[in-house]
Amino acid sequence: MKNTLLLALVIIPLSCTTPDKNNKEQSIVVEIFSPEENGYKLVWEDNFDGDKLDTAKWRIRGVGPRRIGYNDTSMVAVSDGNLLLMYDIKKDSILGSAVGTGQTFLTKYGYFECRAQLQKSIGPWSAFWIQSPNISGGEDPSVYGAEIDIFEYFKELGNDNLTHCIHWAYGDNPQSSGQMNSTHEGLDEGFHTFGLEWTEKSYNFYIDGKKYHEQSKGISNVEEYMILSMELPPYLEGIKNACAPDTFKVDYVKVFKKQ
C-alpha cells in the first residue's frame, strides 16, 4: 500500500481555481525578446509530435516517492502535439510527474524556452527548471552549478502570478537568490511562453517575450539539464482545493545558443 492512511485525511476538493488578485503586469522590459535577433541560433527542440515521449531527448524522471505522493510513469503522455504532465489521485496514491534531459542533453548558457498551458489547481504546481548534476558537491555555484527555476506556478498566489528562483549549495549550507515574483495577465488561460537567458553574468527571466527579472546571484558555469514537472506539495493540506485530474500541457521546448 502507498498512501492509504494519508488519503483518508484528504479533504474533498471544492474548487479548481483561485480568485484573481487583480495585479497588473510588472515586466521591466516591454519590448518582446527575440533570441534570433540577439545572436542566438536554435540548437535543440522538441515539438512533441507523435504519440509517445521521445526518449532520445527526454526520460521520465524521479519515478517513486515525491513529497506526499509518487511520480508515476502513467502520468506522462504525448498527445495532439503536446507533452502532458499530469496530477491525479487514483485508489491509494497521489500521483505527480516529471521528465528531464539528464541522460540525453546537457548544456551551458543560452536561451531556454517552453510554450505551455499551466495547471488549473491550487496545490500541485507546474515547473520548468534547469539542474546541475553536481549541485551537492560544494558551495560554489560556478563550479558545482545551480538549480535554476525558470518558473513555478503556485496558483494560490493568484491566477496571474508565478515565481522564479536560483538555488545552489545543496547540503548543510544551502543558498538561494530569494523568490522573484512576476504578475502577467491571463496566465491561467491558454498557452504562454516562459524563457530564460543564461549568460556568464546573469539570468534573465521572460514571460511571453517580456523580461521580468534579471538576477546575478548563483551564476552557474557548468553544463546542466532541463526538467519539466508537475510537482506535489509537502502536506495533505496543500491539495484540499486541488482538482484531480489536472494537467501541465507543454507545446514545445527550444534551446538557443550563441555560436
Side-chain angles (χ1 to χ4, degrees), residues 44 57-73 75-76 85 87 94-114 123-154 156-157 162-182 194-205 212-236 238-239 248 253 255:
W44 190 98
K57 295 180 177 179
W58 305 93
R59 303 290 173 85
I60 296 177
R61 170 184 165 86
V63 175
R66 180 69 167 167
R67 300 191 185 94
I68 61 169
Y70 293 81
N71 279 349
D72 192 86
T73 57
M75 295 291 100
V76 178
L85 295 170
Y87 155 80
I94 305 169
L95 303 176
S97 50
V99 298
T101 65
Q103 297 169 281
T104 60
F105 178 75
L106 292 87
T107 193
K108 179 173 66 173
Y109 313 138
Y111 178 72
F112 304 78
E113 183 178 85
C114 78
W125 70 92
S126 50
F128 179 33
W129 43 304
I130 297 176
Q131 176 73 77
S132 166
N134 300 312
I135 195 169
S136 299
E139 296 187 6
D140 184 350
S142 179
V143 175
Y144 298 102
E147 173 188 325
I148 310 165
D149 295 331
I150 300 175
F151 82 83
E152 294 180 282
Y153 186 51
F154 301 105
E156 58 266 30
L157 299 178
L162 52 70
T163 68
H164 327 265
C165 199
I166 313 299
H167 305 279
W168 64 97
Y170 283 9
D172 295 334
N173 187 32
Q175 304 292 311
S176 173
S177 66
Q179 183 173 290
M180 295 167 278
N181 299 286
S182 296
F194 305 93
L196 167 78
E197 185 184 22
W198 168 20
T199 74
E200 296 179 36
K201 297 181 179 180
S202 68
Y203 303 113
N204 301 308
F205 297 88
Y212 274 77
H213 297 276
E214 183 171 345
Q215 179 61 255
S216 60
K217 293 181 180 179
I219 300 299
S220 170
N221 293 302
V222 300
E223 290 190 339
E224 304 201 6
Y225 57 92
M226 296 180 290
I227 302 167
L228 292 160
S229 57
M230 178 69 101
E231 297 288 341
L232 300 173
Y235 307 107
L236 285 172
I239 60 170
F248 171 31
V253 177
V255 180

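All values reported here derive from a predicted model rather than from experimental measurement.
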- Query: Would Phe194 and Phe128 count as a close aromatic pair, with their ring centres under 6.0 Å?
  - Reply: no
- Between Trp168 and Pro141, the two heavy atoms sitting closest are CD1-CD, 3.6 Å
- Message: In this structure, is the centre-to-centre distance between the rings of Trp198 and Trp129 below 6.0 Å?
- Response: no
- Applying side-chain contact (heavy atoms from CB on, under 4.5 Å), run through Lys57 and Val253 and close with a yes or a no. CA-CA 11 Å; Lys57 295 180 177 179; Val253 177; over 6 Å; no
- Task: Search all heavy atoms of Gly123 against all heavy atoms of Glu156 and return the closest pair with its distance.
- Result: N-OE1, 3.9 Å
- Query: Of the non-hydrogen atoms in Pro234 and Ile68, which two are nearest, and what is the gap between them?
  - Reply: O-CG2, 3.0 Å
- Query: Between Ser136 (side chain) and Tyr170 (backbone), is there a donor-acceptor pair under 3.5 Å?
  - Reply: no
- Message: Return the CG to CD distance between Leu157 and Glu152, rounded to the nearest 0.5 Å.
- Response: 10.5 Å
- Check the pair Asn134 / Val222 against side-chain contact (heavy atoms from CB on, under 4.5 Å), numbers first and verdict last. CA-CA 9 Å; Asn134 300 312; Val222 300; 6.0 Å; no
- Item | Check: Asn221 main-chain N/O paired with Ser142 side-chain donor or acceptor under 3.5 Å | no
- May I ask you to decide if Phe151's main-chain N or O and His164's side chain share a donor-acceptor pair within less than 3.5 Å? no
- Without swapping roles, check the side chain of Thr101 against the backbone of Thr104 for a donor-acceptor pair under 3.5 Å. no
- Note on the structure: Looking only at heavy atoms, the pair that brings Pro133 and Leu106 closest together is CG-CD2, 4.0 Å
- Assess whether side-chain contact (heavy atoms from CB on, under 4.5 Å) is satisfied between Gln215 and Met180, documenting all intermediate values. CA-CA 9 Å; Gln215 179 61 255; Met180 295 167 278; 3.6 Å; yes
- Query: Would you say the side-chain atoms of Ser229 pair up with the backbone N or O of Ala98, donor to acceptor, closer than 3.5 Å?
  - Reply: no
- When the ring planes of Trp44 and Phe105 are compared, do they come out parallel, tilted or perpendicular, using 30° and 60° as the limits? parallel
- Task: Write down the atom of Phe248, the atom of Ser126, and the distance for their closest heavy-atom approach.
- Result: CG-CB, 3.3 Å
- Task: Answer yes or no: is there a donor N or O on one side and an acceptor on the other, between the side chain of Glu197 and the main chain of Gly195, under 3.5 Å?
- Result: no
- Query: Is there a side-chain contact between His167 and Asp149, using heavy atoms and a 4.5 Å cut-off?
  - Reply: yes
- Query: Once you round to the nearest 0.5 Å, how far does CD of Gln131 lie from OG of Ser220?
  - Reply: 10.0 Å
- Task: Could you label the plane-to-plane angle of the Trp125 and Phe154 rings as parallel, tilted or perpendicular, counting under 30° as parallel and over 60° as perpendicular?
- Result: tilted
- Query: Does Thr199 use its side chain to pair, donor to acceptor, with the backbone of Lys201 at less than 3.5 Å?
  - Reply: yes
- Item | Closest non-hydrogen atom pair between Ala146 and Gly218, with its separation | CB-O, 3.7 Å
- One should read off an interatomic distance between Asn204 CG and Ser216 OG, to the nearest 0.5 angstrom, of 10.0 Å
- Query: Measuring from Ile130:CD1 to Phe112:CZ, what's the distance to the nearest 0.5 Å?
  - Reply: 4.0 Å
- Item | Ile60 side chain near Asn71 side chain, heavy-atom distance below 4.5 Å | no
- Message: Rounded at 0.5 Å granularity, tell me how far CZ in Phe205 sits from CG in Leu196.
- Response: 5.5 Å
- Message: What I want to check is whether the side chains of Tyr212 and Asn181 have a donor and an acceptor closer together than 3.5 Å.
- Response: no
- Task: With rounding to the nearest 0.5 Å, note down the distance linking CD1 in Ile135 to CD in Glu224.
- Result: 7.0 Å
- Message: Checking the side chain of Arg67 only, and the main-chain atoms of Leu232 only, is there a donor and an acceptor separated by less than 3.5 Å?
- Response: yes
